[in-house]
Amino acid sequence: MSDTHLHIDGITKRFGDVTALDNIDLRVERGAFVCLLGPSGCGKTTLLRIIAGFEKASQGRMMLDGTDITNLAPHKRGFGMVFQSLALFPHMSVAQNIAYGLKLRKASKAEQRDRVEELLTLIELPQIADRPVSALSGGQRQRVAIARALAIRPQLFLLDEPLSALDAKLRDSMQIELRRLQQKFGVTTVLVTHDQTEAMMLADELVVLNDGHIQQAAPPSTVYQSPANPFVADFIGAANLMPATASAAGTLIVLGQDTGLPVPHHPGSTLRAAVRAENIQLHSVNGSGQGMAQVEFSRNLGPVTEWLVSAQGQEIRVRGVTGFGAAPQVGDQVNLALDAGRISVFTT
Amino acid sequence: MRVGLLPAQGGSYRWVMLTLATMGILISALPVAVVTLMSFSAAETSGFPPSEFSLRWYGEVARMFSNEDASSAQSVVDSTLTSLLVAVIVMMISTVVCVPLAYALARGERRIRAGMELLFTLPLVFPLVMLGIAFLLIAEGLAWELGIWRIIIPHIALVLPFVLRNCLSAMGGISVELEEAAISLGAPPLRAIWDIVVPLMKAGILAGLIFALIISFNEFTITFFMYTIDVSTLPIWMYSRTVSSLDPSTLALSVYIIAADVILILLVDKLIAGRANLF
């Protein structure tokens, strides 16, 4: 049974002549972790700021537990937010930062102290309460910002690209930490990011935005395996988009090769097929024979090797496990084998 | 290995730098040095260099402040008190005006900010004599009994650019996200400003305050047009004293003032340590 916590109902946002968000409909389940994912300028941050109340929608409304909060002032919403700059108060200690929201709620001194202690233990930094925030490392600041937002027991937990400033290794451990904290608190969470790996890893529900429209809203595995349109296929995991057509027998033909995948389109109709780099296999052509494609570039990334091959004037990215199967070199003639079960077909 | 910016030996470059630096220091410090030296003179009249040294004029200043000389129309004590009162009121009003103004300008549209900054800087580029005449004409035209405010109002105009600059540069480092963070935690917007923005602006506000105090306390040109028998300031008193008798007591008095100013400026420097410049 679905339990909608936040319902975004036809939100449109215009800045002058520019439409940043166009009629956005979204239901967020209670306790879910939702990632808003998209390229810069897609409207994801605007949508988060509208949820937080810092931006006013031009049209549409927003319901929290069935109550209309469209016009509720941001300080009355009780949503914890982590900002891109983290926005820790530089003139306060770690404990004062975390307790600020509780102080505003007129919690007693003892209550504030207990809650600060509880949160510092949860973020595994129990000894830093009295330090000034300027004395913290990047990862510590991150955790304090998260603790400050969670201290008020928020109805919604909002995060605006909070991990973008960290280096790759720290970001990875913070992602695990964030997910762990979110599950522990069971708080409904909306996170904005442009990093698809981060979104895939954190989200229960992935919302892909582009041009102010929701392109697809589904669990990450669904988005990855059956992208709703070429944009999603390209944005999530950089699939190869290739022109395709349907054969007389009703199967898909890509690069002149019959994949055997049945398609419900008229024979000869113009289609597009999206295949990910890891769902293509290369087979070397022995001797001086002519293959489907020629290897243009190859690079060994350690566990995997990537090739760029050109076939019928199109550049195709192929990825395979290093040391597994053929390892063609630049200039080699190769044949391509597409994994028919992993091809997405689009008509546009 | 570090390489010095100046060549270690020879080169006209080094000489040019040293000469310019020395000239700069001399020009800015010379008047202060001469006045201080002359104030220790033992002679009846100011002369340079003094032939004998004593502390008698410092004692004379102390006596002037303790023994009220009823015969002089405007005593030094009265004008000092007026000066202090004017400076303090100017300081307070300019801060009350500038803090919200700096906030509004920093958070408002960039275009408006540029225009407003220019507007508030105008008194700086206006010739002070013209400004004095303009304020005098306005004051006379109004024909109101302005009292001490006939000096305070022009001083505020003069001091605003300095205070505003300090407040604006203090606002510059405060990101909107800090305020939004406070609001998201439940602070109404005004509370967020009070809890977050004002404490972070504090150093800039105090620096502006002290500048306002010093500039107003030392202001002469505009005050010269605006003072009356009843309302006059210390610089005006010192001017008339110097014109009538050239004894070194005014010099000793200025050394007292210089000392107070230096302490205040050191305080400002400490407050905004690490910032690029004072203005």
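Since we're looking at a predicted model, the values are computed, not measured. Throughout, a chain's letter reflects where its sequence line sits, starting with A, and its residues are numbered from 1.
- Phe89(A) approaches Ala181(B) most closely through the heavy-atom pair CE2-CB, 4.1 Å.
- Within residues 102-121 of chain A, the residues having any heavy atom under 4.5 Å from a heavy atom of chain B are, by residue number, Lys103(A), Leu104(A), Arg105(A).
- Surrounding CZ of Arg180(A) are more than 12 heavy atoms belonging to other residues, nucleotides or ligands, all under 6.0 Å away.
- Looking at heavy atoms from C-beta onward, Ser184(B) lies in side-chain contact with Phe83(A) at the 4.5 angstrom threshold.
- With hydrogens and angles disregarded, a donor-acceptor distance shorter than 3.5 Å links the side chain of Glu177(B) to the backbone of Ser85(A).
- Counting non-hydrogen atoms of neighbouring residues, nucleotides and ligands closer than 6.0 angstrom, the CZ atom of Phe126(B) reaches no more than 12 such neighbours.
- Residues Tyr100(A) and Asp195(B) meet the side-chain proximity criterion, which asks for heavy atoms closer than 4.5 Å.
- Expressed to the nearest 0.5 Å, how far NE2 of His75(A) lies from CG of Leu190(B) amounts to 10.0 Å.
- Residues Lys202(B) and His91(A) form no side-chain contact, since every pair of their non-hydrogen atoms from C-beta on lies 4.5 Å or further apart.
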Cut-off 3.5 Å, no hydrogens considered: what does the side-chain donor-acceptor table look like for residues 155-162 of chain A, sequence neighbours left out?
{"from": "Glu161(A)", "atom 1": "OE1", "to": "His194(A)", "atom 2": "ND1", "distance (Å)": "2.8"}
{"from": "Glu161(A)", "atom 1": "OE2", "to": "His194(A)", "atom 2": "ND1", "distance (Å)": "3.4"}

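- Taking chain B as the reference chain and counting heavy-atom pairs below 4.5 Å, the highest number among Gly80(A), Gly53(A), Ala73(A), Pro90(A) is found for Pro90(A).
- Chosen from Ser175(B), Pro199(B), Pro188(B), the residue pairing most often with chain A at heavy-atom distances under 4.5 Å is Pro188(B).
- What you find for Ile152(A) and Leu185(B) is that their closest heavy atoms are CG2-CD2, 4.0 Å.
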